[in-house]
Amino acid sequence: MTEAIELFFASLPARAPALLRSPIGGTLQIDLTDGNHTEHWYVALAPGSARVSRQEERPADAVLTIGTQLFEELVSGREAALSAVLRNEATFGGHVVLLLALRRFLPDRPGVRDPRERAREHVRRSA
């Protein structure tokens, strides 16, 4: 387990109130694979909160299986989660809303801008 991944999971509870304002709820199991070894992380998401644990007593609502190296690229902003799933470099099953919620915690790739913000800037310059 890399330090970047540990810091990412440790930061989730403090960042959740600002990032999870919609009525979302469920448990996302993130399986980090490295060769024959798999580490399981459980992220319980609810409006305004996230709880991270290494053991869960009930089945998860969604499961993301991804290589440790690729997940480190996600948490550092060098890769995008949905792109990795679409390229079949990671697998996802369950409630897709939980994957979309996880994306809120991941940094944008360098140079990526929200098109809505770009449109707002264009309107401001035109006015």
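Note that the structure is predicted; figures quoted are calculated from it, not measured.
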Worked verdict on Phe92 versus Leu28 for side-chain contact (heavy atoms from CB on, under 4.5 Å): CA-CA 10 Å; Phe92 181 81; Leu28 173 61; 3.9 Å; yes
Glu121 vs Arg124, salt bridge (Lys or Arg N to Asp or Glu O under 4.0 Å): CA-CA, chis, key distance, verdict: CA-CA 5 Å; Glu121 289 174 9; Arg124 281 186 222 123; 5.2 Å; no
Side chain proximity check, Tyr42 to Arg54, heavy atoms < 4.5 angstrom: no
Candidate pair Leu99 and Leu82, rule side-chain contact (heavy atoms from CB on, under 4.5 Å), full reasoning: CA-CA 8 Å; Leu99 179 62; Leu82 283 179; 3.7 Å; yes
Path from Val96 to Leu45 over hydrophobic side-chain contacts below 4.5 Å: yes
Minimum-distance pair of heavy atoms, taken over all atoms of Ala16 and Ala50: CB-N, 3.5 Å
Spacing of CD belonging to Gln29 relative to OG1 belonging to Thr65, to within rounding of 0.5 Å: 7.0 Å
side-chain contact (heavy atoms from CB on, under 4.5 Å) between Arg51 and Ser53, intermediate numbers included: CA-CA 7 Å; Arg51 184 177 44 84; Ser53 67; 4.2 Å; yes
Closest non-hydrogen atom pair, Ser83 against Glu79: CB-OE2, 4.2 Å
Taking every non-hydrogen atom, the tightest pair across Glu73 and Ser76: O-OG, 3.2 Å
Flag, side chain of Thr27 to backbone of Val43, donor-acceptor distance under 3.5 Å: no
Euclidean distance, Ile5 CD1 relative to Gln69 CD, rounded to 0.5 Å: 8.5 Å
Enclosure of Arg21 CZ (heavy-atom neighbours >12, cutoff 6.0 Å): no
side-chain contact (heavy atoms from CB on, under 4.5 Å) between Ile30 and Leu102, worked out: CA-CA 10 Å; Ile30 301 173; Leu102 177 69; 4.1 Å; yes
Ring geometry between Phe8 and Phe105 (parallel below 30°, tilted from 30 to 60°, perpendicular above 60°): perpendicular
Side chain proximity check, Leu64 to Thr91, heavy atoms < 4.5 angstrom: no
Connected via hydrophobic side-chain network under 4.5 Å: Val63 and Leu86: no
Close side-chain approach of Thr68 to Thr33, heavy-atom, < 4.5 Å: no
Atom CD of Glu117: over 12 foreign heavy atoms under 6.0 Å: yes
Distance, nearest 0.5 Å, that separates CD of Glu72 from CD of Glu3: 10.0 Å
Closest contact, heavy atoms only, Val52 versus Pro13: CG2-CD, 4.4 Å
Shortest non-hydrogen contact between Ala81 and Leu74, atoms and distance: N-CD2, 3.4 Å
